[in-house]
Structure formats: C-alpha cells, structure tokens
Amino acid sequence: SVRIPVSLTAEKTLAFGGGPIVSRRRDDLDRLSASVHLLDNFAVSLGLSSHRIAWPADQPAGDLRASEVLFTMGGRYSLTW
C-alpha cells in the first residue's frame, strides 16, 4: 500500500565461492529503487539493478564473465475499504 510520500530502498549482495571446486566464483548484485507518492493511494516506482557474475574456467584468463543492468518503471495503487 502507498503510505508515505517517498520510499527509497538500496540493496547490495556479494557472494564468493569458498570451496575447492569453484573457489574463484563471484556474484554481485546492486539494487536501488524509489517510489514517489503522486495522488491519494497512487505512487510511481522506479528501479535500477546491476548484476555481475564471474564463473571460473581452467585458466583465470578464460573465466566466464557476465553483466546485466535492468531499469524498471511502474505504479502502485492501494485500495482500502
């Protein structure tokens, strides 16, 4: 439900492979989202997330690396009775 005029959320997650099989694996997620109350019970939501991953190969120079950036935009409406 939409209750406050502005809402901000930030999240950071890191994961590292600690075992002998995938010791160099890395996973990193950053997320930032905001909601702005415009009218009674209606808010606009905006978000940005970045996800980076590295998966080891036999040689460190051949590691698989991937990166993704996601933008989101939407609305929230609350209905009460």
Side-chain angles (χ1 to χ4, degrees):
S1 67
V2 180
R3 297 185 181 164
I4 57 177
V6 176
S7 172
L8 294 173
T9 304
E11 175 184 350
K12 178 146 181 97
T13 305
L14 295 171
F16 299 97
I21 297 173
V22 287
S23 61
R24 293 187 331 266
R25 187 181 78 79
R26 292 185 310 277
D27 198 349
D28 181 15
L29 174 67
D30 302 320
R31 185 176 296 141
L32 178 64
S33 61
S35 293
V36 178
H37 178 228
L38 296 178
L39 303 170
D40 286 343
N41 299 322
F42 182 75
V44 172
S45 300
L46 303 169
L48 170 68
S49 64
S50 171
H51 188 198
R52 291 174 301 280
I53 189 168
W55 194 265
D58 292 335
Q59 298 295 323
D63 288 357
L64 172 66
R65 297 180 190 277
S67 180
E68 172 187 46
V69 176
L70 178 66
F71 297 96
T72 58
M73 184 174 147
R76 293 192 308 182
Y77 182 78
S78 69
L79 178 64
T80 59
W81 60 88

NZ-CG distance between Lys12 and Leu32, expressed to the nearest 0.5 angstrom
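Answer rounded to 0.5 Å: 12.5 Å.
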Distance, nearest 0.5 Å, that separates OG of Ser7 from NE2 of His37
12.5 Å
Are Met73 and Leu70 joined in one hydrophobic group, where the rule is that I, L, V, M, F, W and Y side chains link up if heavy atoms are under 4.5 Å apart?
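Different clusters: Met73 never reaches Leu70 through Ile, Leu, Val, Met, Phe, Trp or Tyr contacts under 4.5 Å.
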Are Leu48 and Leu29 connected in the hydrophobic side-chain network, where two residues link if heavy atoms are under 4.5 Å apart?
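Looking at the clustering, Leu29 is in a separate group from Leu48.
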Main-chain N/O of Ile53 paired to His51 side chain as donor or acceptor, under 3.5 Å
no
According to the salt bridge (Lys or Arg N to Asp or Glu O under 4.0 Å) rule, which pairs have a member within residues 45-56, sequence neighbours left out?
Asp28-Arg52, Asp30-Arg52
